[in-house]
Amino acid sequence: RSQHEQATNPLVEFALWFHDGIYSTFSGRNELRSAAWAEAALRRAGGLRRQCDEVFALVMATAADAEPVDAAQELIGDVDRVILGADPQRYREYELQLRAEYWWVPTALYRRQRSAQLNRLLARPTVYVTGEFRDRYESAAQRNLCGGIDQLASLTGTFRWRQRV
């Protein structure tokens, strides 16, 4: 397939619907379980084996350590990371929402682990792989990630949450 055909692949949209379909902050297998669910759903709907395999791979391409192998995987990875390039207020809100999801992680540990994740993103040549996302969101993402790291390092940040009932 050409790069354009891969980037406009309708299976990308299908995979996006499922990519966080199974999500638990207590599990490190969310992408794998979501990918299996997407693959099974497409198979039940009459999808071809190669389509089912591709949907599985697309969902797996949203994992934090995934390396995209084609334009469709690059696109789904960038879509999954688009929040990083949001306006600063929305990004701060996202970070607080993420902390609320991980309410059970002790604050010091959360700060260390989240800071390491953000630093890994900053260590990449670019946050976004596709030209369109780089042009549109890269500079904001770089600023947000640096601000997030600063906030996590600050003792004034409010990162202590209680479980919601």
Side-chain angles (χ1 to χ4, degrees), residues 1-87 90-105 109-110 112-138 140-142 144-145 148-149 164:
R1 287 186 189 172
S2 73
Q3 188 171 5
H4 174 74
E5 287 172 326
Q6 289 179 355
T8 58
N9 182 342
L11 295 176
V12 171
E13 183 176 354
F14 185 89
L16 280 167
W17 281 102
F18 283 86
H19 87 283
D20 279 335
I22 298 176
Y23 182 80
S24 169
T25 61
F26 299 101
S27 174
R29 297 170 34 100
N30 292 323
E31 285 85 5
L32 181 61
R33 293 174 65 215
S34 293
W37 183 36
E39 178 186 36
L42 185 56
R43 190 176 343 99
R44 282 191 307 274
L48 301 174
R49 182 76 221 153
R50 70 171 176 72
Q51 293 172 318
C52 296
D53 291 346
E54 186 172 354
V55 161
F56 184 91
L58 284 167
V59 174
M60 291 304 295
T62 65
D65 59 348
E67 291 294 328
V69 298
D70 62 30
Q73 289 185 16
E74 290 174 351
L75 177 61
I76 198 169
D78 280 359
V79 169
D80 192 40
R81 287 186 298 276
V82 74
I83 188 67
L84 303 176
D87 71 79
R90 175 63 187 106
Y91 178 77
R92 283 189 301 272
E93 180 183 16
Y94 163 74
E95 284 292 341
L96 289 172
Q97 290 167 335
L98 190 61
R99 177 58 180 128
E101 291 178 9
Y102 286 88
W103 59 267
W104 53 272
V105 177
L109 179 61
Y110 179 84
R112 273 194 312 275
Q113 290 179 338
R114 183 64 181 154
S115 191
Q117 289 172 335
L118 299 182
N119 275 300
R120 278 193 297 278
L121 284 165
L122 279 173
R124 295 167 45 136
T126 59
V127 174
Y128 300 102
V129 180
T130 63
E132 183 177 344
F133 277 75
R134 270 195 318 270
D135 292 347
R136 190 164 181 186
Y137 300 110
E138 185 71 28
Q142 295 281 338
N144 286 336
L145 292 170
I149 291 167
R164 295 182 187 170

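Everything numeric in this text was worked out from a predicted model, so none of it was measured. Scope of the values below: all heavy atoms of this structure, side chains included, with no hydrogens, waters or symmetry mates.
Among all heavy-atom pairs drawn from Ala61 and Ala66, the shortest one is O-CB, 3.5 Å.
Judged by distance alone, the side chain of Thr62 and the main-chain N or O of Val59 form a donor-acceptor pair under 3.5 Å. Distance alone, capped at 3.5 Å, places no donor-acceptor pair between the Arg134 side chain and the Tyr137 backbone. Within the 3.5 Å criterion, the main-chain N or O of Tyr23 finds no donor-acceptor partner in the side chain of Asp20.
Interatomic distance, Asp65 CG to Arg120 CZ, rounded to the nearest 0.5 Å: 9.0 Å. Residue Leu109 holds its CG atom at 13.5 Å from CZ of Arg114, rounded to the nearest 0.5 Å. Taken from CG in Asp80 to CG in Leu58, the straight-line distance is 12.0 Å, to the nearest 0.5 Å. A distance of 7.0 Å separates NE2 in His19 from CD1 in Ile76, rounded to the nearest 0.5 Å. Rounded to the nearest 0.5 angstrom, Leu96 CG and Arg92 CZ are separated by 9.0 Å. Considering CD of Glu95 and CG of Leu145, their distance stands at 8.0 Å, rounded to 0.5 Å.
With sequence neighbours left out, Glu101 forms a salt bridge (Lys or Arg N to Asp or Glu O under 4.0 Å) with no residue at all.
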Under 3.5 Å, which donor-acceptor pairs link side chains of residues 122-133 to any protein atom two or more places apart or in another chain?
unit_1	atom_1	unit_2	atom_2	d
Arg124	NE	Thr126	O	3.2
Arg124	NH2	Val127	O	3.2
Thr126	OG1	Tyr128	O	2.6
Tyr128	OH	Arg81	O	2.9
Tyr128	OH	Val82	O	3.4
Tyr128	OH	Gly85	N	3.1
Thr130	OG1	Asp78	OD2	2.6

Show me, pair by pair, the donor-acceptor contacts under 3.5 angstrom made by side chains of residues 33-48, not counting sequence neighbours?
unit_1	atom_1	unit_2	atom_2	d
Ser34	OG	Ile22	N	2.9
Ser34	OG	Ile22	O	3.1
Ser34	OG	Asn30	O	3.0
Glu39	OE2	Arg49	NH2	2.7

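A heavy-atom distance below 4.5 Å is not found between the side chains of Gln73 and Val12. With contacts defined as side-chain heavy-atom distances shorter than 4.5 Å, the pair Leu84/Asn144 does not qualify.
The number of heavy-atom neighbours closer than 6.0 Å to CZ of Arg90, taken from other residues, nucleotides and ligands shown, is above 12. Within 6.0 Å of the CD atom in Glu13, the count of heavy atoms belonging to other residues, nucleotides or ligands does not exceed 12.
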